[in-house]
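Report on the structure given below.
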Amino acid sequence: MARELVLGLDAGHTVTKAVLFDATGRPVARGVGTVPLNTPRPRWVERDMDQVWRTAREAIAACLAEAGPDAARAVSAVGLTGHGDGLYAVDERGRPVRAAIVAMDTRAEPVLKEWRDTPMWSRALELSGTVPFAGSPAALLTWLARHEPDVLRHARWLLSCKDWLRLRLTGEVATDPTDASASFADMRRGGYSPKLLDLYGLGTLAGKLPPVLACEAVSGTVTREVAALTGLAVGTPVVTGAHDVDAAALGIGGTTPGELCLIAGSFSINQVISERPVVDPRWQVRHFVRPGQWMIMSTSPASVANLEWFLRVTGAPAVHREGVHEAIGREVETHLDGPSEVLFHPFLYGSPHPRPTSGTFLGLHGWHSRGHLLRALMEGVVLNHRWHVDALGSKLPVSGAAARLTGGAAHSEVWSQMFADALRRPVVVADVEESAARGAALLAATAVGLLDDVTAPRAAVSVLRRHEPHADRVAVLDDAYEVYQEALEALGPVWARLAEPGGAD
């Protein structure tokens, strides 16, 4: 069999997917595994690093098994993507120094409180294009330096999620410009900035940051040990890859500057590609996969993870992810008439606002049902996305083209329509099941010459659904957004009180 397939490995916060594609980005087979998030203390969100690797290798093996006995010989390259920020620290032998900390972790909030309203805050924005948040490497490393100094002393490499998987696949250490932009990259010139490291008091850690390679560079090959575990052929090239936000944009064809792309997954991610850096504390400016372009994204850990929490605590039966969204959509659809009676702030794991917040239902009465709560939750998630989109549009030339939507919410027609209504613009959902894995696979295909470029016409996507705004629902969600923002301001002192020691904890 000709080597004309590529494998995209996407390690999200909870779900890891290995998807086999042909050179045009058409899926051939898939393997999926889940990694539980652990919260050993309030505000801590961690994962066992060995379990992350075990889940990834099992997903690869399942994908190849589904594709057939000759599939491994047809894989020309492996592309990598994964959740950004957080921290995966390893020692000299490549072994974990502690559990991985993911981007939803908020233990470093006291660090941010010290930094805000100081010259450090504006200087960080000027140099890097972003201010730190609790799950960013700058904040987490500062917290570790204060509370777990042995971790930094024993760590040889400070990695992101996908780069931990590369180390296991190939034995090689590397990262790419998109993940390197998390805290310490020079916004304009690229590469790590000694000024930034010194600004955070982390200059001694410079030698622990991984080398930066191009997203479409071959960064290693599959080892004999890994081949035996996964079924991949020994020596299969592994390509550097990209942060999952960038990979998802590639996967759904959202590569035109100014075009709005939305990822509604664990995080609310709202992004445009720009040909110049435009800084604002409400968003992050990171290097895109193509030199001379920047990914500008306004994000918060406040999207579909709220639904996953709701289903978990209400005892909903565990069913396949697409089945969940279809079933929930039908349930909510019967409660869409009339104004929004219940309001939800989707801040269970954090928010885009610097002051303390939390997940909150408002307006509940005894006659409300589970359907009303689900409607409120879905609308709250969409209204948080709207806040981000409004922020981007206040300074950036966001085009009037339809927004591209991917992530868990895109599986639901009802939820996708809510995005069109809340944003007052058409929303399109591409005929792509696994956008980030597909983007990683396109980078891999480009690296080994199966594609001339990740935007090659023969790898273009088609539109599965298009949602136009409905005037009556636009009016309902406009009213809901006014109340959402008024409540956000009014609840500030309450949330702050709950966040005090002995309050929320």
Quick one: closest heavy-atom pair of [X] and [Y], and the distance?
{"X": "R438", "Y": "L250", "value": "NH1-O, 4.2 Å"}
{"X": "P210", "Y": "Y192", "value": "O-OH, 2.7 Å"}
{"X": "F310", "Y": "L377", "value": "CB-CD1, 3.7 Å"}
{"X": "A134", "Y": "A108", "value": "O-CB, 3.6 Å"}
{"X": "T236", "Y": "A233", "value": "OG1-O, 2.7 Å"}
{"X": "A249", "Y": "M295", "value": "CB-CE, 4.0 Å"}

Salt-bridge contact [X]-[Y] (side-chain N to carboxylate O under 4.0 Å):
{"X": "E109", "Y": "R43", "answer": "no"}
{"X": "E46", "Y": "R107", "answer": "yes"}
{"X": "R95", "Y": "D91", "answer": "no"}

| task | Quick one: list whatever passes side-chain contact (heavy atoms from CB on, under 4.5 Å) with T455, sequence neighbours left out. | result |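 T455 satisfies side-chain contact (heavy atoms from CB on, under 4.5 Å) with T255, R290, D453 only.
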K162 and salt bridge (Lys or Arg N to Asp or Glu O under 4.0 Å): which partner among D85, D244, D176?
->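 It is D176, the one option of D85, D244, D176 that forms the salt bridge (Lys or Arg N to Asp or Glu O under 4.0 Å) with K162.
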Under the 3.5 angstrom rule, does the side chain of [X] hit a backbone N or O of [Y] as a donor-acceptor pair?
{"X": "H243", "Y": "G82", "answer": "no"}
{"X": "W283", "Y": "V278", "answer": "yes"}
{"X": "T221", "Y": "V234", "answer": "no"}
{"X": "R425", "Y": "A401", "answer": "yes"}

*asked:* Side chains of S298 and H388 only: does a donor on one sit below 3.5 Å from an acceptor on the other?
replied: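 Distance-only check passes for S298 and H388.
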Taking the side chain as everything from C-beta on, heavy atoms only, tell me whether [X] gets closer than 4.5 Å to [Y].
{"X": "T406", "Y": "V432", "result": "no"}
{"X": "L260", "Y": "S399", "result": "no"}
{"X": "I328", "Y": "E331", "result": "yes"}
{"X": "H13", "Y": "E308", "result": "no"}

Next item on the list: Please assess L80 against L169 for the test side-chain contact (heavy atoms from CB on, under 4.5 Å), listing each intermediate value before the final yes or no.
Entry: CA-CA 11 Å; L80 302 175; L169 285 163; 3.8 Å; yes
Does atom [atom1] of [X] have more than 12 heavy-atom neighbours, drawn from other residues, nucleotides or ligands, at distances under 6.0 Å?
{"X": "R276", "atom1": "CZ", "value": "no"}
{"X": "E225", "atom1": "CD", "value": "no"}
{"X": "R458", "atom1": "CZ", "value": "yes"}

(message) Test side-chain contact (heavy atoms from CB on, under 4.5 Å) on T130 and R286; report intermediate values, then the result.
(response) CA-CA 8 Å; T130 181; R286 299 193 180 191; 5.7 Å; no
